[in-house]
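Written below as structure tokens is the structure these notes are about.
Keep in mind the model is a prediction, meaning the values are calculated, not measured. Along the sequence shown, residues carry numbers from 1. Basis for what follows: all heavy atoms, side chains included, without hydrogens, waters or symmetry-related copies.
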Amino acid sequence: MSKDTIANILTFIRNADMNKKRTVRIPYTNITENILKILLREGFIENMRKHQESNNFFFVLTLRHRRNRKGTDKTVLNLKRISRPGLRIYSNYQRIPRILGGMGIVILSTSRGIMTDREARLEGIGGEILCYIW
């Protein structure tokens, strides 16, 4: 596992979705919790539960799936990591990109916490662009 926790959780979710898994376990961190709350609120995942095994905490996610899905190309979630440890990408609130004309979301890390592009535009703050989800 690499040190980029955001890329790890996006990869866990993407792999589980491509393999048509209903649930996925993700290690607990504060950043992970905030990103998963956004995904739950926006309707990209169905459910999120926090569990403890010995001294380790983790999340169990229930993913949404399309019915009558055929082939490996038809995924529900498309996740793309933008800012990474080797190249940080920042944006002010006026230049935050719109994904699919507003159908997708951009997750940002701002001075007021992790939030979506819509929330950042309403509050008038920019930040580091973490990922795109559509």
Side-chain angles (χ1 to χ4, degrees):
M1 196 152 54
S2 70
K3 293 186 180 196
D4 189 5
T5 58
I6 298 168
N8 286 338
I9 64 169
L10 295 178
T11 302
F12 288 151
I13 294 170
R14 186 183 306 115
N15 288 343
D17 188 49
M18 286 184 352
N19 290 322
K20 301 177 185 176
K21 301 285 185 192
R22 185 79 174 140
T23 61
V24 61
R25 283 177 55 164
I26 295 177
Y28 173 82
T29 62
N30 288 332
I31 294 173
T32 301
E33 182 177 18
N34 292 330
I35 291 174
L36 293 179
K37 282 181 182 177
I38 290 173
L39 291 178
L40 182 65
R41 188 175 63 228
E42 295 289 329
F44 289 104
I45 59 176
E46 197 170 304
N47 194 8
M48 175 180 84
R49 295 182 312 272
K50 186 177 176 182
H51 286 285
Q52 180 181 8
E53 221 174 70
S54 62
N55 283 335
N56 298 327
F57 287 95
F58 61 91
F59 289 108
V60 176
L61 303 180
T62 305
L63 301 177
R64 290 194 184 277
H65 286 287
R66 291 183 186 157
R67 295 182 184 204
N68 301 326
R69 194 165 75 158
K70 295 181 181 174
T72 57
D73 301 345
K74 308 211 177 197
T75 60
V76 174
L77 290 173
N78 290 305
L79 307 132
K80 185 175 182 185
R81 177 78 160 117
I82 302 302
S83 184
R84 50 192 172 87
L87 178 64
R88 303 289 185 181
I89 307 294
Y90 296 94
S91 175
N92 62 11
Y93 76 98
Q94 297 159 333
R95 294 181 184 248
I96 298 171
R98 294 186 190 272
I99 306 302
L100 293 178
M103 296 295 290
I105 62 170
V106 177
I107 296 180
L108 296 139
S109 176
T110 67
S111 59
R112 296 187 191 151
I114 295 177
M115 60 179 63
T116 65
D117 56 336
R118 289 181 213 110
E119 295 167 348
R121 281 190 199 98
L122 284 175
E123 293 193 24
I125 55 175
E128 181 183 356
I129 299 175
L130 299 178
C131 60
Y132 297 159
I133 300 170
W134 70 95

Show me the pairs that pass salt bridge (Lys or Arg N to Asp or Glu O under 4.0 Å) and involve residues 125-134, at least two apart or across chains.
R88-E128
With rounding to the nearest 0.5 Å, note down the distance linking OG1 in T32 to CG in L39.
10.5 Å
Does D17 use its side chain to pair, donor to acceptor, with the backbone of I13 at less than 3.5 Å?
no
Give a yes or no on whether Y90 and L87 share a hydrophobic cluster (residues Ile, Leu, Val, Met, Phe, Trp, Tyr; joining criterion: side-chain heavy atoms under 4.5 Å apart).
no
Where do D117 and I105 land on the side-chain contact (heavy atoms from CB on, under 4.5 Å) test, with the steps shown first?
CA-CA 6 Å; D117 56 336; I105 62 170; 4.2 Å; yes
Would you mind reporting whether R49 and T62 have side-chain heavy atoms less than 4.5 Å apart?
yes
Please check: side-chain N/O of R118 versus main-chain N/O of G102, any donor-acceptor pairing under 3.5 Å?
yes
Would you confirm whether R14, through its side chain, and L79, through its main-chain N or O, come within 3.5 Å as a donor-acceptor pair?
yes
Rounded distance [0.5 Å steps], CZ in F58 versus CD in Q52
9.0 Å
Using a 4.5 Å cut-off on heavy atoms from C-beta on, say whether the side chain of I129 contacts that of P97.
yes
As a quick check of understanding, evaluate side-chain contact (heavy atoms from CB on, under 4.5 Å) for I45 and R64, giving each step before the final call.
CA-CA 6 Å; I45 59 176; R64 290 194 184 277; 5.8 Å; no
So, do W134 and K80 sit near enough that their side-chain heavy atoms are less than 4.5 Å apart?
yes
Just verifying a value: how many Å separate T116 OG1 and L108 CG, rounded to the nearest 0.5 Å?
8.0 Å
To the nearest 0.5 Å, how far apart are OG1 in T23 and CD in E46?
11.5 Å
Considering only heavy atoms from C-beta outward, does the side chain of I133 approach that of E42 to under 4.5 Å?
no
Any donor-acceptor pair under 3.5 Å linking the side chain of R121 with the backbone of I96?
yes
As a test of understanding, state which of L100, I99, N78 forms a side chain to side chain contact (heavy atoms under 4.5 Å, CB included) with Y132.
I99
Please name the pair of heavy atoms, one in L36 and one in F59, separated by the smallest distance, quoted to 0.1 Å.
CD1-CD1, 3.7 Å
Using every non-hydrogen atom in the two residues, find where G126 and T110 come nearest and quote the distance to one decimal.
O-CG2, 3.5 Å
To the closest 0.5 Å, what do you measure between CD (E33) and NZ (K50)?
5.5 Å
So does L63 get a backbone contact from the side chain of R22, meaning a donor-acceptor N/O pair under 3.5 Å?
yes
When you group the ILVMFWY residues by side-chain heavy-atom contacts below 4.5 Å and let the links chain together, are M115 and I89 in the same group?
no
For the pair N30 and Y28, evaluate side chain to side chain donor-acceptor pair (under 3.5 Å) and give the outcome as yes or no after the intermediate values.
CA-CA 7 Å; N30 288 332; Y28 173 82; 3.1 Å; yes
To the nearest 0.5 Å, atom CG of L130 lies from atom CD1 of I38 at 8.5 Å
Side-chain donor/acceptor of R81 to backbone N/O of S83, under 3.5 Å
yes
Test of understanding: clusters of I, L, V, M, F, W, Y form through side-chain heavy atoms closer than 4.5 Å, transitively. Do V60 and L10 belong to the same one?
no
Cluster overlap L40 with I107, hydrophobic side-chain contacts below 4.5 Å:
yes
